[in-house]
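Beneath this line is the structure, given in structure tokens, with notes to follow.
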Number of protein chains: 2
Amino acid sequence: MTELKTDPRIVRTRKLIMDAFIELSSQKEFKDITVKDITTKAMINRATFYYHFQDIYDLLEKALSEVLLINLNYEKYENAALDEETIADIFLAVTKFQQSLSTRCHRGYEDTIARIIREQLEVIFYKMLLREHGLKDDSALKLAAGMLSWGIYGASVKWRQNSELGPEEFIKKAVPYLLHGVSKSFNGVHSCTSVGGKDGRI
Amino acid sequence: MTELKTDPRIVRTRKLIMDAFIELSSQKEFKDITVKDITTKAMINRATFYYHFQDIYDLLEKALSEVLLINLNYEKYENAALDEETIADIFLAVTKFQQSLSTRCHRGYEDTIARIIREQLEVIFYKMLLREHGLKDDSALKLAAGMLSWGIYGASVKWRQNSELGPEEFIKKAVPYLLHGVSKSFNGVHSCTSVGGKDGRI
DNA sequence: ACGGATCTGTCGGATATGCAACACATTCGA
DNA sequence: TCGAATGTGTTGCATATCCGACAGATCCGT
């Protein structure tokens with residue numbers, strides 16, 4: 001829907017840059033990676049880099065977003081119900097993504113990464129909520145999506161601090177709280193028509 | 001020497017095309033590979049393909065040449081003496097290259113491949129001869145290089161027909177004939193100053 | 001034998017990329 | 001403290017690449 005096709009050169013060049021950056025990230029820390037390093041490995045001109053990205057931090061954000069989105073396997077959730085199982089799946093994808101990052105060294109950029117994860121989650125949750133509730137109260141949906149994303153990310157932080165349980169068991173214990181908490185406030189304040197109780201859907 | 005630098009886009013695009021072609025060659029026969037297949041996998045426009053290559057046969061030649069050159073490890077021979085050991089090395093590289101091709105299906109293009117191999121060998125032999133003899137009789141050097149390349153390729157054909165011996169033993173039996181045959185005619189006709197006998201050098 | 005489908009090779013006009021140079025900031029050793 | 005060296009963003013002009021369309025070739029089912 002409303003897809004305006006982008007120039008193939010742009011797709012190709014972005015991919016070259018992203019791949020080069022991810023490869024470099026596995027070799028040295030982010031703070032030691034220069035734009036020249038990336039463009040050399042990507043076989044493009046340095047000026048072209050700035051045609052696509054604001055700066056190297058912009059690249060970091062977009063690269064991480066992309067990798068996370070792939071990890072999140074977005075098409076899978078596109079039409080899934082926002083139930084316990086889906087949330088558990090997403091939580092697993094997030095923890096898996098964070099573990100894949102921990103090997104590379106991004107010390108000092110935890111906040112950026114956290115924000116990216118939350119933003120991505122928020123977009124996904126918003127789309128799912130929108131599909132289930134329509135847009136009669138958009139700001140409420142956005143609020144719910146935001147809170148869910150913070151909740152999931154917070155859960156992943158909690159889990160890393162206290163990893164006695166496996167991620168599966170951990171999220172299964174946490175998810176009822178998340179779902180009913182969000183569900184209650186959402187239904188209570190805005191009297192949404194959908195029934196929050198039946199199968200755990202919001 | 002006299003290197004005019006080529007546009008990086010050209011290098012990059014050629015590499016994309018070559019890599020795509022080599023990848024496709026491992027998946028289906030040459031006759032089933034279309035230009036569209038290649039350009040799609042290489043993420044370039046079809047018109048761009050024709051900017052770089054005459055047609056798909058031109059690509060075949062250049063791709064094979066490149067792969068063979070890499071197999072031949074050209075820098076290694078750049079300054080090596082044209083003695084028995086070097087010739088054996090080159091022979092091994094050729095047989096190894098042909099075996100790497102046999103898995104992919106290039107039926108019907110044996111002649112093309114054979115010609116490419118001979119041409120590449122001829123270039124290498126010519127450079128080595130030129131370095132050892134100077135250019136006082138250029139046409140004679142070219143003749144000798146050509147005969148050597150035919151000889152090596154012929155030896156590889158013979159070896160494939162009769163592979164009771166390993167390639168190492170096989171070429172060691174054949175190389176004295178090659179060396180002295182070429183050496184004699186070359187020295188005899190043109191009275192070259194270098195001594196053909198001493199250590200087997202031409 | 002016929003038409004549809006696919007592939008080939010080519011063209012002119014639009015666009016992304018390359019290049020060289022620039023000013024500015026940061027780092028680092030003398 | 002001072003340069004020298006390196007990295008960052010930006011700019012104008014040159015060029016490789018993209019697009020869409022075209023005519024002809026080849027293949028294939030009916």
Side-chain angles (χ1 to χ4, degrees), chain A residues 2-25 27-64 66 104-109 112, chain B residues 2-25 27-64 66 104-109 112:
Chain A
T2 75
E3 309 192 2
L4 55 140
K5 35 188 168 183
T6 63
D7 192 310
R9 284 172 285 185
I10 292 184
V11 178
R12 189 214 307 140
T13 299
R14 288 222 167 103
K15 175 172 168 52
L16 288 172
I17 293 178
M18 295 254 186
D19 289 350
F21 175 64
I22 289 175
E23 166 105 19
L24 280 173
S25 291
Q27 295 169 1
K28 47 174 145 175
E29 297 192 28
F30 176 75
K31 72 175 175 53
D32 294 329
I33 296 177
T34 131
V35 174
K36 182 75 183 147
D37 291 339
I38 297 170
T39 56
T40 299
K41 177 161 297 231
M43 296 202 295
I44 59 146
N45 191 275
R46 203 166 56 86
T48 305
F49 176 92
Y50 293 100
Y51 182 88
H52 292 276
F53 301 96
Q54 195 86 9
D55 51 32
I56 205 174
Y57 302 98
D58 186 31
L59 169 62
L60 174 65
E61 295 202 15
K62 290 176 176 163
L64 288 184
E66 182 143 309
R104 303 173 199 140
C105 297
H106 287 285
R107 285 193 295 261
Y109 294 92
T112 302
Chain B
T2 74
E3 309 193 4
L4 55 140
K5 36 187 167 181
T6 62
D7 193 309
R9 285 172 284 185
I10 292 184
V11 179
R12 189 213 308 141
T13 299
R14 288 223 166 102
K15 175 172 169 51
L16 288 172
I17 293 177
M18 295 252 185
D19 289 348
F21 175 64
I22 289 174
E23 167 105 19
L24 279 173
S25 292
Q27 295 169 1
K28 46 174 147 176
E29 296 192 29
F30 176 75
K31 72 175 175 54
D32 294 329
I33 297 177
T34 131
V35 175
K36 181 74 183 148
D37 292 339
I38 297 169
T39 56
T40 299
K41 177 162 295 231
M43 296 202 296
I44 60 144
N45 190 275
R46 204 166 56 86
T48 306
F49 176 91
Y50 293 101
Y51 183 89
H52 293 276
F53 301 97
Q54 195 85 10
D55 50 33
I56 204 174
Y57 302 98
D58 185 31
L59 169 62
L60 174 65
E61 294 201 15
K62 289 176 177 162
L64 288 184
E66 184 145 306
R104 302 172 200 142
C105 296
H106 288 288
R107 286 192 294 260
Y109 295 93
T112 301

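Residue numbers start from 1 in every chain, and the chains themselves are labelled A, B, ... in the order their sequence lines are given, proteins ahead of strands.
Every residue meeting the side-chain contact (heavy atoms from CB on, under 4.5 Å) condition with B/T40, not counting sequence neighbours, appears here in chain and number order: B/K36. Listed by chain and number, the residues in a side-chain contact (heavy atoms from CB on, under 4.5 Å) with B/Y51 amount to none (sequence neighbours excluded). For B/D55, there are no salt bridge (Lys or Arg N to Asp or Glu O under 4.0 Å) partners at least two apart in sequence or on another chain.
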Can I get a per-line list of side-chain donor-acceptor pairs under 3.5 Å for residues 13-22 of chain B, giving both atom names and the distance, sequence neighbours left out?
| residue | atom | partner | partner atom | Å |
| --- | --- | --- | --- | --- |
| B/T13 | OG1 | B/R9 | O | 2.8 |
| B/K15 | NZ | B/D19 | OD2 | 3.0 |

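Looking at B/R12 and A/R12, their side chains come closer than 4.5 Å, going by heavy atoms from C-beta outward. Residues B/K41 and B/Q27 form a side-chain contact, since some pair of their non-hydrogen atoms from C-beta on lies under 4.5 Å apart. Residues B/N45 and A/P8 are not in side-chain contact: their nearest non-hydrogen atoms beyond the backbone lie 4.5 Å or more apart. Residues B/I56 and B/F30 form a side-chain contact, since some pair of their non-hydrogen atoms from C-beta on lies under 4.5 Å apart.
Protein atom NZ of B/K31 is 11 Å distant from nucleotide atom P of D/dC27, rounded to whole Å. A straight line from OH of B/Y57 to P of C/dC7 spans 14 Å, rounded to a whole angstrom. In this entry the distance linking CZ of A/F53 with C1' of C/dT17 reads 15 Å, nearest Å. In this structure, A/L24 atom CG and D/dG7 atom P are separated by 13 Å, rounded to whole Å. Between the P atom of C/dA16 and the CG atom of A/L16 lies a distance of 16 Å, rounded to the nearest Å. Here the C1' atom of nucleotide C/dC19 and the NZ atom of A/K36 are 11 Å apart, to the nearest Å. Remark: P of C/dG9 and CG of B/L59 are 12 Å apart, rounded to the nearest angstrom.
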Write down the protein N/O and nucleotide N/O pairs, taken from nucleotides 17-20 of chain D, whose separation is under 3.5 Å; answer none if there are no such pairs.
| residue | atom | partner | partner atom | Å |
| --- | --- | --- | --- | --- |
| D/dT17 | OP1 | B/R9 | O | 2.8 |
| D/dT17 | OP1 | B/T13 | OG1 | 2.2 |
| D/dT17 | OP2 | B/H52 | NE2 | 2.5 |
| D/dT17 | O3' | A/R12 | NH2 | 3.1 |
| D/dT17 | O2 | A/R9 | NH1 | 2.8 |
| D/dC18 | OP1 | A/R12 | NH2 | 2.3 |
| D/dC18 | OP1 | B/N45 | N | 3.4 |
| D/dC18 | OP2 | B/N45 | N | 2.6 |
| D/dC18 | OP2 | B/T48 | OG1 | 2.3 |
| D/dC19 | OP2 | B/N45 | ND2 | 3.1 |

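Summary for the helix from C/dA1-D/dT30 to C/dA30-D/dT1: the axes at its two ends, each from 5 pairs, differ by 50° when rounded to the nearest 10 degrees.
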